[in-house]
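All values below were derived from every heavy atom in this structure, side-chain atoms included, with hydrogens, water molecules and symmetry-related copies excluded.
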Amino acid sequence: MLDTRLLRQDLETVAARLGIRGFELDIAAFRALEAERAAVQQDTESLQHERNTKSKAIGQAKARGEDIAPLVAEVGGLGDRLQGLRAKLGDVQEQLTAFLQTIPNLPDPSVPAGDDESDNLEIRTWGKLPAFNFEPLDHVDLGAGGALDFEAAAKIAGSRYVVMRGQVARLHRALTQFMLDTHVSEHGYTEVYVPYILNAAALLGTGQLPKFAHDQFRIAEIAESYLVPTAEVPVTNLYRESILDADVLPIRNVCHTPCFRREAGTYGKDTRGMIRQHQFEKVELVQISAPEASWTALDELTGHAEAVLKKLELPYRAVVLCGGDLGFASAKTIDLEVWLPGQQRYREISSCSNFLDFQARRMMARYRNPDSGRPEYVHTLNGSGLAVGRTLIAVMENYQDGEGRIAVPDVLRGYMNGATSLDLSAV
RNA sequence: GGAGGGGUGGCUGAGCGGUCGAAAGCACUGGUCUUGAAAACCAGCGAGGGUAACGCCUCCCAGGGUUCGAAUCCCUGCCCCUCCA
């Protein structure tokens, strides 16, 4: 949520900056709502003031043993008038909140203009693209012997799910452990385990609701509950409605969860293989930062995700998302894209974002600023470190040998009972 | 499933329908003292909204209700705890 003060003071600038991401702010609607809110609030508050002072006078008169009947008569119709005004104020405020909750975050000035991912800005590349003396297969063909079984998944669940078997299933698990261990022991994160079913307040806090309800798996039998779409939601919301001591910042949490997404509106996109699934695993990095430290924290967090790719020796590049590709709550996002030989292109494997105080304001996550002594909003950040399923296919495609085997990256061998390569046909 | 108890400021925890935004303690901040620190003592210290600023308004889990007036009484919901099955 944006700062309403900023909206009141400098609406044109806000609208212009939102335009960078292709969002059209309805200036007239905001002005009208805000003017009504101010008027109704003033009326309500002055009436409340009147009631308060008169009621207090009644109390004092009674304490002195005076007759309070005439005073009570004077306050007669106040209650009803007040109730009417309050209802109206509640109504206006509800409309205003609903309006504000659908406004995305302001893009940072360094975010490039653009409509979609083709306008994203490459800022660095790492690693050498593998050269094969054979035609590299994609993960679907590599796993066709049963290691990756999409038909079995369709039989028991539906499309956009996968069944993994044997050594590949183990490799997938190994990757998860490896990522968690790396972030905990080398990057100073605290591992957290969280519920996978979340209430609506949590999804409101990080911005998935109300605007993206269509992409969530809602549990019909339990009111206001959803399957976790990303660990960002539970982990960031751990700090909702709290005032943190400055010396606990920055908070660095790493969390592995399955992620559930309806992927509504992406029909026909990435339907082949494991790129876009309704259920996938992710190791998520979440940081709660003091405001002045959040941009440094974004660079660090991105580096932590990159470290995993480097250890796995997977070639990748980093891009800054353009305005049109930027997520709803993010002020700036750096995507890491891993090279997939089967597709001959880079694909997103991590998305690292600084949300500034956008999520913190929605969820009232604050810290006590030692300089002012007052509670102020923290900044929140997160990034995948990494998406496990996509990392699995990156390993499979980059480490294939053309003869139905894939080499196990050095850093994973300890998690694979020492195996140096996997036979994909031996499921 | 049954029967109780409870949700109050950063934390612990008092609170008769009116003088309660709320005792007290802890924590924190400033000061005195000290070579310095600790201790002791003194003072300050909830959050949000609104205003140029002040007055002001709201908030004691959430939502309703009773009342001139609700942290306090009533109803519903959520959550936590104890005992029984």
Output the single nucleotide from B/rC68, B/rG48, B/rU58 whose closest atom is nearest the side chain of A/Val72. B/rC68

Minimum-distance pair of heavy atoms, taken over all atoms of A/Ala318 and A/Leu336: CB-CD2, 3.8 Å

Provide the closest heavy-atom pair for A/Arg170 versus A/Met416 in the form atom of the first, atom of the second, distance. CG-SD, 3.7 Å

From the set B/rG50, B/rC68, B/rG46, return the single nucleotide nearest to any side-chain atom of A/Ile58. B/rC68

Distance in angstrom units between A/Arg37 CZ and B/rG48 C1', rounded: 13 Å

Is there a donor on the side chain of A/Lys62 or the base of B/rG18 sitting less than 3.5 Å from an acceptor on the other? yes

Using the side-chain heavy atoms of A/Arg51, tell me which of these nucleotides is nearest: B/rU58, B/rG48, B/rG50. B/rU58

Atom CD of A/Gln83 and atom C1' of B/rC68 are separated, to the nearest Å, by 14 Å

A/Asn52 side-chain N/O to B/rG69 phosphate OP1/OP2 under 4.0 Å: no

Nearest-neighbour nucleotide for the A/Pro375 side chain, B/rG48, B/rG18, B/rC57 considered: B/rG48

Using the side-chain heavy atoms of A/Gln41, tell me which of these nucleotides is nearest: B/rG48, B/rC57, B/rG49. B/rG49

A/Arg5 near the nucleic acid: base, sugar-phosphate alone, or nothing, with a heavy-atom cut-off under 4.0 Å? sugar-phosphate

Nearest-nucleotide check on RNA chain B, A/Asp245 vs A/Ser55; residue mapping nearer the 5' end is A/Asp245

Would you kindly give the CG-to-C1' distance between A/Leu85 and B/rC56, to the nearest whole Å? 16 Å

Without hydrogens or angle criteria, can the side chains of A/Gln287 and A/Ser289 be said to hold a donor-acceptor pair below 3.5 Å? no

Would you say A/Arg374 places a side-chain N or O within less than 4.0 Å of OP1 or OP2 belonging to B/rA47? yes

Reckon A/His49 has a side-chain N or O less than 4.0 Å from the OP1 or OP2 of B/rC57? yes

